[in-house]
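In each ligand, atom 1 is the first atom listed, and ligand 1 is the first ligand listed.
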Amino acid sequence: MKQMCVKAPINIALIKYWGKKDELNVLPYNPSISLSLSLYETHTVLEQCASPGLTFTLNDLADAKSEKKVREFLTFFPFDETKEGLIIRSYNSGPTAAGLASSASAFAALALACNLYYDEPYSFEGLASITKKGSGSAIRSLLGGCVEWDTDGRIHALDWPFEDVVMGIVVLASQPKKTGSTEGMKHTVQTAPSYHDWVKQSHQDAKAFKRALQDKDFTQLGSISEANALALHAVCADAKPPIHYLNEQSNALIKGIQEARKEGLFEVYCTMDAGPNVKLLHRDKDTTRLTQWLNEHGWPEVRLSRIATKGAHRCER
Ligand code: DP6
């Protein structure tokens with residue numbers, strides 16, 4: 001029986017994607033830049049089965065909402081439910097739909113697994129262009145390291161000069177978010193008066209971020225990333241009615257980190273996505289001080305992650 005197994009890392013954007021200028025082809029209004037992380041991944045197995053139809057499980061449980069999306073995604077491949085039997089088992093090692101990029105790793109893994117299972121109907125570029133139709137940010141999980149997704153819909157690996165950079169994730173809530181990213185960004189594009197300015201600023205942030213990479217300037221890189229994340233939450237709050245992904249705890253943690261940084265305790269920068277969890281970008285030398293500080297202030301334990309050097313890939317045997 002035919003089988004295929006693929007793994008893909010999550011990725012966290014330091015320059016955020018928020019809004020599609022072309023919904024059909026999933027082209028973003030602004031470039032985004034992310035880091036693929038080794039902490040959480042999706043592991044997806046495709047298996048041929050004798051009786052026709054699709055069976056999909058997520059972490060070994062049936063999930064109708066995800067199954068619907070998977071079925072839609074399979075239309076990019078020569079899968080015929082009336083004639084062919086296919087079992088897809090997907091496992092997320094992190095919390096699902098809590099702003100920790102589980103849909104990014106999930107669709108990157110699914111896209112590559114389907115492409116390999118059906119004997120590569122798509123080139124890498126073709127694969128990238130369909131992966132983003134599953135979820136925009138998933139396109140960046142096809143590659144490891146630091147990845148830019150540009151407004152023409154293509155991805156590029158950027159040279160990442162900081163070998164000692166770590167991303168810490170503080171999980172403040174692991175329940176699925178109230179407003180999904182797809183819906184949230186559409187609402188922001190349509191109703192936030194400051195959306196146009198936000199797009200302009202994001203283009204500038206992406207340029208400045210790449211300059212900081214070239215200059216190997218971590219302070220600059222961290223500052224741009226934190227400001228870019230806060231600007232995302234500000235533009236969401238400007239939507240009518242507003243969307244608030246951060247909760248009181250997230251805001252208190254961000255404030256505490258900023259104050260400790262100003263006092264020179266450590267150099268840690270915050271980034272947050274469509275959920276309340278806070279991710280902390282820093283260097284190895286600050287890990288001990290950061291974990292101590294979090295502990296002393298009663299925050300949940302930080303989960304530390306290195307950068308994943310590999311993007312979506314076939315499982316090793
Ligand atoms: C805040 O990729 O989940 O994480 O393309 O509609 O599936 P869709 O949205 P999605 O949005 C991610 C938004 C973000 C920022 C980012 O990852 O760049």
Identity and distance of the protein heavy atom lying nearest [atom]:
{"atom": "atom 7 (O) of ligand 1", "result": "S135 OG, 2.8 Å"}
{"atom": "atom 17 (O) of ligand 1", "result": "R140 NH2, 2.7 Å"}
{"atom": "atom 1 (C) of ligand 1", "result": "D273 OD1, 3.6 Å"}
{"atom": "atom 15 (C) of ligand 1", "result": "Y17 O, 3.4 Å"}

| query | What residues form a side-chain hydrogen bond (donor to acceptor under 3.5 Å, both in side chains) with Y269, not counting sequence neighbours? | reply | E267
For ligand 1, which atoms sit closer than 4.0 Å to a heavy atom of [X]?
{"X": "S181", "result": "3 (O), 9 (O), 10 (P), 11 (O)"}
{"X": "G136", "result": "2 (O), 5 (O), 7 (O), 8 (P)"}
{"X": "K20", "result": "5 (O), 6 (O), 8 (P)"}
{"X": "T182", "result": "6 (O), 7 (O), 8 (P)"}
{"X": "A13", "result": "16 (C), 17 (O), 18 (O)"}

Less than 3.5 Å between some nitrogen or oxygen of [X] and one of ligand 1, yes or no?
{"X": "W18", "answer": "no"}
{"X": "S137", "answer": "yes"}
{"X": "S32", "answer": "no"}
{"X": "G134", "answer": "no"}
{"X": "K16", "answer": "no"}

| query | Is M185 in contact with ligand 1, taking contact as a heavy-atom separation below 4.0 Å? | reply |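 True for this residue.
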| Out of curiosity, is K132 lining ligand 1, as in a heavy atom under 4.0 Å away? |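 No.
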Using a strict threshold of under 4.0 Å (side-chain N to carboxylate O), is an ion pair present between [Y] and [X]?
{"X": "E148", "Y": "R140", "value": "no"}
{"X": "D205", "Y": "K16", "value": "no"}
{"X": "K186", "Y": "E23", "value": "yes"}
{"X": "R71", "Y": "E81", "value": "yes"}
{"X": "K200", "Y": "D197", "value": "no"}

| Out of R283, R306, K285, which one pairs with D164 under the salt bridge (charged side-chain N to carboxylate O under 4.0 Å, His left out) rule? |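 Filter result, single survivor: R283.
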| Should the pair W160 and F209 be assigned to parallel (<30°), tilted (30 to 60°) or perpendicular (>60°) ring geometry? |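 W160 and F209: parallel rings.
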| query | Is it true that the NZ or CZ of K216 lies under 6.0 Å from the centre of F162's six-membered ring and within 45 degrees of the ring axis? | reply | no
| task | List in chain and number order the residues that pass salt bridge (charged side-chain N to carboxylate O under 4.0 Å, His left out) with K83, two or more places apart in sequence or in another chain; answer none if no residue qualifies. | result |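 Once residues adjacent in sequence are excluded, the partners of K83 under the salt bridge (charged side-chain N to carboxylate O under 4.0 Å, His left out) criterion are D80.
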